[in-house]
Number of protein chains: 2
Amino acid sequence: MKSDRRIRYTKKVIKESFMDLLLNRPSHKITVKEVCEKAEINRTTFYSYYDDIHSLTKEMQNDSISDIRQYLLQYSVDGDDMILYFVKILQNSFPYASKYILYDNNSKYFIRLFYECKDLILSNWLKGHVKITPIQQEWLYTFLASGCAGILRTWFMGGMKESAEEIASFLNQLIKCHDVIFDAK
Amino acid sequence: MKSDRRIRYTKKVIKESFMDLLLNRPSHKITVKEVCEKAEINRTTFYSYYDDIHSLTKEMQNDSISDIRQYLLQYSVDGDDMILYFVKILQNSFPYASKYILYDNNSKYFIRLFYECKDLILSNWLKGHVKITPIQQEWLYTFLASGCAGILRTWFMGGMKESAEEIASFLNQLIKCHDVIFDAK
DNA sequence: TACCGTGTGTCAGATAACCAACACAACTTG
DNA sequence: CAAGTTGTGTTGGTTATCTGACACACGGTA
């Protein structure tokens, strides 16, 4: 059920144009008019898909999350590398993500990211925790995901100065230390 | 008076798709259907711009000639380098040209190329021929252009085995040797 | 204050591109 | 030979996009 090629192309050029403006003219408020002129589409067309710039960035964030899901699905990384891999994706594969994630200060991005990728992450994190109940799994995941989201958000906001390895190893420690609670035997 | 963005995009993907098929599936008859499927456009749309594959390749040849004109205008090369430059354009800047030029064996391509670029080449070739009349200029250009076109066509057909330098120096000799006829003093 | 330039969001009507279906020709394959 | 298969052009009706215009909100400036 692929959408109309016209729609795909139009949305694509809108997003590319927005991204281009974002990267080449920082500290500059981006207008709908600008985006449309760069994309060579009519403003009317823009409004038939988005209410405003904000709804565009929202969709781009969704795209980004879908892309990350695809990455995770495709490579299905195991064990301790999971977090490092995750952080590296954010750092390398989506270098532009930080731009539009922060553009309208949408701090819910990382919460949603972990929510949407729950199925792909959960099995990985809880591998080997035989005694933990499904209910407990949910709560533990919520707790850990929120923590990670907070860290990543802070990392992004600060301009990602720390290396992916540092962040990943830090998060790994935090996740690992809960093993004792549920797996003490 | 730029044409509609929709038209530009549609034609662009048609040409790219055709080129792709041409490069990746040589010795294979290319159908309208194939091109449209690759380009993700409707066959009806194709027929609203082209009568058939042949009329597509014809337009691509025109594009190629326009591009070459642009090159010549942009850099305005002088003197003996002209021919070398010209041949190099054909060899390097338009590596795909030969594919669709030869696809339906349109031997008129080079004739047209020299005809369309006449203004840009003429002044260059006849530089210094003070005694030659405008009428003579026309005839001389026709003669030299036809000769060059024939050589280039043969070169293309043969797979461009000779280097651009060889061809250029050969053509330059042929052009130069007419100087004595018109400029003997 | 009033004026002006610029961006916003929306509309009706025109054009481009879409889809599904058709008749037809050029072939394979039985 | 007849029955499929595949590509060709063409049609009528639908959807996406474009154009030009409009009323409105906003900030700067005389």
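Chain naming here is simple, since letters A, B, ... match the order of the sequence lines and numbering starts at 1 in each.
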Point to revise | Polar contact flag, side-chain donor to acceptor under 3.5 angstrom, B:R5-A:T10 | key: yes
Check your understanding: B:E37 CD to D:dT6 P: how many Å, rounded?
Key -> 12 Å
**Study point:** Rounded distance [0.5 Å steps], CG in A:L144 versus CG in A:L174
**Key:** 8.5 Å
Review point. Is it the case that one hydrophobic cluster holds both A:W139 and A:Y141, taking links as side-chain heavy atoms less than 4.5 Å apart, direct or via other members?
Key: no
Check your understanding: If only side-chain N and O atoms of A:Y47 are considered, is one of them under 4.0 Å from the OP1 or OP2 phosphate oxygen of C:dT10?
Key -> no
Check your understanding: Any luck finding a side-chain donor-acceptor pair between B:S64 and B:Y109 under 3.5 Å?
Key -> yes
Practice item. When you get a sec, tell me which of D:dT11, D:dT8, C:dT8 is the closest nucleotide to the side chain of B:R43? Key: D:dT8
**Study point:** Side-chain N or O of B:R5 closer than 4.0 Å to phosphate OP1/OP2 of D:dC18
**Key:** yes
Check your understanding: When the distance from CZ of A:F46 to P of D:dA16 is rounded to whole Å, what number comes out?
Key -> 18 Å
Point to revise | d(CD1, A:I41; P, C:dG9) in whole Å | key: 14 Å
Check your understanding: Picking from C:dT8, C:dA17, C:dG9, which would you name as closest to the side chain of A:D52?
Key -> C:dG9
Check your understanding: Given atom CD1 of A:I30 and atom C1' of C:dG7, what is their separation to the nearest angstrom?
Key -> 15 Å
Exercise for review: Ignoring backbone atoms, test whether A:T31 places a side-chain nitrogen or oxygen under 4.0 Å from the OP1 or OP2 oxygen of C:dG7.
Suggested key: no
Check your understanding: Among the nucleotides D:dG20, D:dT11, C:dG9, which one has an atom lying closest to any side-chain atom of B:T44?
Key -> D:dT11
Study note, to complete from the structure: Comparing nearest nucleotides in DNA chain D, the 5'-proximal residue of the pair B:D51, A:S48 is B:D51
Revision key, fill the gap. What one should report as the nearest heavy-atom pair of B:K118 and B:E138 is NZ-OE1, 2.5 Å
Practice item. Say whether B:R112 and B:N62, considering side chains only, have a donor N or O and an acceptor N or O under 3.5 Å apart. Key: yes
Tabulated below should be each protein N or O lying under 3.5 Å from an N or O of nucleotides 14-16 of chain C; please produce it.
from, atom 1, to, atom 2, distance (Å)
C:dT15, O2, B:R6, NH1, 3.1
C:dT15, O2, B:R6, NH2, 3.4
C:dA16, O4', B:R6, NE, 3.4
C:dA16, O4', B:R6, NH1, 3.1
C:dA16, O4', B:R6, NH2, 3.2

**Study point:** Within 6.0 Å of OH in B:Y9, more than 12 heavy atoms from elsewhere
**Key:** yes
Practice item. Output all residues satisfying side-chain contact (heavy atoms from CB on, under 4.5 Å) with B:E59, sequence neighbours left out; order by chain, then residue number. Key: B:K11, B:K15, B:Y50, B:D63
Practice item. Please state whether the phosphate of D:dT17, meaning OP1 or OP2, lies under 4.0 angstrom from any side-chain nitrogen or oxygen of A:N42. Key: no
Strictly under 3.5 Å: I want the nitrogen or oxygen pairs between protein and nucleotides 23-27 of chain C, one per line.
none

Check your understanding: Rounded to whole angstroms, how far apart are CD on B:E40 and C1' on D:dA16?
Key -> 16 Å
Check your understanding: Linking I/L/V/M/F/W/Y whenever their side-chain heavy atoms sit closer than 4.5 Å, directly or via other members, would A:V13 and A:V32 fall into one cluster?
Key -> yes
**Study point:** Nucleotide D:dC18, atom P - distance to OH of B:Y9 in whole Å
**Key:** 13 Å
